[in-house]
Amino acid sequence: MKTIIILGGGVGGIVTANELSSHLSVEHKIILIEKNKEHTFAPSYLWLMNGDRNKKQISVTLKSLLKKNIEVVNATVNEIVPAEQKVKACEKEYHYDFLVVALGADLAPEKIPGLDDSIHTFYTLEGAAKLHEELKNFSSGKVAVVISSMPYKCPGAPHEGAMLIEDFFTAKGLRKKVEISLFTPEPQPLPVAGPELGNAVKNILDKKGILFHPSMQLNSVDTKSKQLFFNGKDTYEYDLLIVIPPHQAPVAIGKSDLANANGWIDVNPASLQTKYENVFAIGDITSIPLPGRWIPDKPMMLPKAGVFAHLQADVVAKNITNKIKGEKADEKFCADGYCMLEAGEDLAGFAYGDFFGEPHPQVYLKKVARKWHIGKVLFEKWWLSPVGFKKVFYKDLLLAGGTLIGVPVKL
Ligand SMILES: Cc1cc2nc3c(=O)[nH]c(=O)nc-3n(C[C@H](O)[C@H](O)[C@H](O)COP(=O)(O)OP(=O)(O)OC[C@H]3O[C@@H](n4cnc5c(N)ncnc54)[C@H](O)[C@@H]3O)c2cc1C
């Protein structure tokens, strides 16, 4: 009998637990430790912000997404001790044979001097709901969407956010009275995907009149005078500030010897194994360098995105299962990713490609169309539906839709 412990019940943790439960016989123990009882679908925060969803529509109980034989512990992980094959959560100890760390990335607004509660973000459920109320009351002025630092989750999301805000004010007939700017420390939109795709996204922003400001590193904010300070010299006055806050690894990782110098976890890019043979890390908590992309003198990392957490979970679950069964554990993560990029008016673009491609990631963008938006909505419904229903309706619909438009969908 083996015990597998999964830390974190977000995208990666949920998929790992369910896959293990599908393939392992019942004498093995699968324990998932997660601090929240509710699970929310992060891509839908953007629709919460623009009023297309309410909080209830994008929240479900974690248990409804998990197979029955998975033991769920509702607790905060405080300590990970790989040398002793144990973790501590809310002061209780749990011992494992295999550990999968899927704790994601925490937001750390306190790292930017001057950021306080008056600012907005669509990177949390509560933040997106609060921002919607603000947008409803905002009738004219300057809106600044600011990517405060790297890395951050989902390279497309800030651009999608800016476009949905543009769409929101257009629909209200206020577009001419609102200036929308997007600031980023990056030299172009989605640099990981290369200059061609970056230009394509920039063109979409230009067409919508969204002012794109690259290479702008936010230093501090003065919320009283409503000023932003960048690059040690540039300033910008705003009326409404929306920030993608700095990201950092959860405290428990920083205290463990799994963390690298930046706080994230280094893994073998193919197997997701950490420096410990029986400890794996997946999703946003990992740091995986990509071939042929540099910013400015360091390699770029695999984007923090649900699609990768999902695929990595499949690989890790399969390899742990095979190890337990005494079979060859040689499943590899191949970093084929995709993203539906919401552009407003119920339209979306579709970026897809091989992020481990040589000499650099090969990523392409399909033209903005309604079908990609519908694909995203279907994925949302599939993800949030109870585990027992997943296999039947939405999965078939997604697979059929993918085949029809010539893009294989992996679930
Ligand atoms: C606005 C927005 C839009 C996005 N859109 C997309 C998209 O279109 N496509 C895409 O691929 N990705 C998207 N993402 C990114 C995606 O949501 C994440 O990359 C994905 O959730 C990562 O999965 P994960 O399992 O690594 O982490 P998470 O899903 O964040 O899960 C981590 C879990 O660990 C738990 N946890 C953390 N610390 C502790 C602790 N100490 N003890 C116990 N539990 C803990 C957390 O509560 C959480 O449930 C978006 C993100 C945002 C914010």
Side-chain angles (χ1 to χ4, degrees), residues 5-17 31-50 53 58-59 62 65 72-80 87-90 94 100-107 121-125 127-128 131 145 147 151-161 164 242 244-245 247-256 264-265 267 272 281-288 302-313 316 337-342 348-352 355 372-373 375-377 379-380 383:
I5 295 187
I6 300 149
L7 306 182
V11 173
I14 289 169
V15 176
T16 309
I31 302 174
L32 185 145
I33 308 180
E34 162 61 49
K35 62 182 175 184
N36 294 321
K37 287 186 175 164
E38 289 265 298
H39 174 85
T40 56
F41 187 62
S44 305
Y45 295 169
L46 295 164
W47 293 327
L48 182 59
M49 172 194 74
N50 76 351
R53 300 283 186 282
I58 61 171
S59 312
L62 175 61
L65 300 178
V72 181
V73 176
N74 181 218
T76 297
V77 177
N78 324 101
E79 211 181 327
I80 306 169
V87 298
K88 257 192 194 172
C90 292
Y94 299 84
V100 181
V101 184
L103 289 174
D106 283 352
L107 302 181
T121 186
F122 47 75
Y123 261 53
T124 63
L125 181 83
L131 176 54
V145 180
I147 299 169
Y152 62 92
K153 300 181 209 189
C154 189
H159 309 80
E160 294 177 88
L164 290 181
I242 302 165
I244 288 61
H247 287 35
Q248 68 181 17
V251 180
I253 299 301
K255 287 197 297 188
S256 78
W264 309 104
I265 304 181
V267 288
L272 289 316
I282 57 171
D284 291 355
I285 192 70
T286 62
S287 182
I288 302 179
L302 184 74
K304 297 191 182 307
V307 63
F308 294 127
H310 191 145
L311 294 170
Q312 291 168 348
V316 166
Y338 61 88
C339 167
M340 289 87 154
L341 211 70
E342 284 292 292
F350 184 77
Y352 66 103
F355 283 74
W372 309 123
H373 168 73
K376 193 156 186 163
V377 173
F379 190 87
E380 176 205 42
W383 180 262

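Counting convention: from 1, in listed order, for ligands and their atoms alike.
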### Query
Looking only at side chains, do Trp264 and His247 share a donor and an acceptor under 3.5 Å apart?
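Trp264 vs His247: no donor-acceptor pair found between side chains.
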### Task
Only heavy atoms count here, so choose which of Gly337, Gly306, Gly12 is nearest to atom 11 (O) of ligand 1.
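Among Gly337, Gly306, Gly12, the closest heavy atom to atom 11 (O) of ligand 1 belongs to Gly306.
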### Message
Heavy atoms only: which of Cys154, Gly8, Ala102 lies closest to atom 32 (C) of ligand 1?
### Response
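When every heavy atom of Cys154, Gly8, Ala102 is considered, Ala102 comes closest to atom 32 (C) of ligand 1.
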Rounded to the nearest 0.5 Å, how far does [atom2] of [Y] lie from [atom1] of [X]?
{"X": "Leu65", "Y": "Ile14", "atom1": "CG", "atom2": "CD1", "answer": "5.0 Å"}
{"X": "Phe122", "Y": "Ser44", "atom1": "CZ", "atom2": "OG", "answer": "13.5 Å"}
{"X": "Glu160", "Y": "Leu46", "atom1": "CD", "atom2": "CG", "answer": "5.5 Å"}
{"X": "Ile288", "Y": "Phe355", "atom1": "CD1", "atom2": "CZ", "answer": "12.5 Å"}
{"X": "Ile265", "Y": "Ile253", "atom1": "CD1", "atom2": "CD1", "answer": "4.0 Å"}

Against heavy atoms of [X], which atoms of ligand 1 measure under 4.0 Å?
{"X": "Lys304", "result": "19 (O)"}
{"X": "Phe122", "result": "1 (C)"}
{"X": "Gly283", "result": "26 (O)"}
{"X": "Ala75", "result": "42 (N), 43 (C)"}
{"X": "Ala309", "result": "23 (O)"}
{"X": "Gly104", "result": "26 (O), 27 (O), 32 (C)"}
{"X": "Lys376", "result": "8 (O)"}
{"X": "Asn36", "result": "47 (O)"}

Give the residue, atom name and distance (to 0.1 Å) of the protein heavy atom nearest [atom].
{"atom": "atom 18 (C) of ligand 1", "answer": "Asp284 OD2, 3.3 Å"}
{"atom": "atom 33 (C) of ligand 1", "answer": "Glu34 OE1, 3.5 Å"}
{"atom": "atom 41 (N) of ligand 1", "answer": "Val77 O, 3.2 Å"}
{"atom": "atom 37 (C) of ligand 1", "answer": "Leu103 O, 3.3 Å"}
{"atom": "atom 28 (P) of ligand 1", "answer": "Gly10 CA, 4.0 Å"}
{"atom": "atom 53 (C) of ligand 1", "answer": "Tyr123 CD2, 3.6 Å"}
{"atom": "atom 2 (C) of ligand 1", "answer": "Ala42 O, 3.6 Å"}
{"atom": "atom 29 (O) of ligand 1", "answer": "Val11 N, 3.1 Å"}

### Message
Would you call the rings of Trp47 and His373 parallel, tilted or perpendicular, taking 30° and 60° as the class edges?
### Response
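Ring orientation of Trp47 relative to His373: perpendicular.
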### Task
Could you check whether the rings of Phe379 and Phe41 sit parallel, tilted or perpendicular, using 30° and 60° as the cut-offs?
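Geometry flag for Phe41 against Phe379: tilted rings.
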### Task
With heavy atoms only and a cut-off of under 4.0 Å, state how Pro43 meets ligand 1: side chain, backbone, both or neither.
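Looking at Pro43 and ligand 1, atoms from backbone and side chain both fall under 4.0 Å.
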Heavy atoms, side chains only, cut-off 4.5 Å: are [X] and [Y] in contact?
{"X": "Glu342", "Y": "Asn50", "result": "no"}
{"X": "Val72", "Y": "Asn74", "result": "no"}
{"X": "Glu380", "Y": "Arg53", "result": "yes"}

### Task
Tell me, please: is Thr76 in heavy-atom contact with ligand 1, that is, under 4.0 Å?
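It does, in that a heavy atom of Thr76 comes within the 4.0 Å cut-off of ligand 1.
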### Query
Is it true that Gly161 lies under 4.0 Å from ligand 1, counting heavy atoms only?
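It does not; every heavy atom stays at 4.0 Å or beyond.
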Using distance alone, decide if ligand 1 has a nitrogen or oxygen within less than 3.5 Å of any nitrogen or oxygen in [X].
{"X": "Val307", "result": "yes"}
{"X": "Asp106", "result": "no"}
{"X": "Lys153", "result": "no"}
{"X": "Tyr45", "result": "no"}
{"X": "Ala157", "result": "no"}

### Message
Name the residue from Thr40, Leu131, Leu125 that meets the side chain to side chain contact (heavy atoms under 4.5 Å, CB included) definition with Leu48.
### Response
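Between Leu48 and the candidates, side chain to side chain contact (heavy atoms under 4.5 Å, CB included) is satisfied uniquely by Leu125.
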#### Entry: Aromatic ring proximity Tyr123/Tyr152, centre distance under 6.0 Å
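Ring-ring flag for Tyr123/Tyr152: false, centres at least 6.0 Å apart.
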### Query
Are the side chain of Lys304 and the backbone of Asp284 linked by a donor-acceptor contact shorter than 3.5 Å?
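Present.
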### Query
Counting distance only, does the side-chain N/O of Asn78 pair as donor-acceptor with the main-chain N or O of Cys90 below 3.5 Å?
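Indeed, once roles are kept as given, a pair shorter than 3.5 Å links the two residues.
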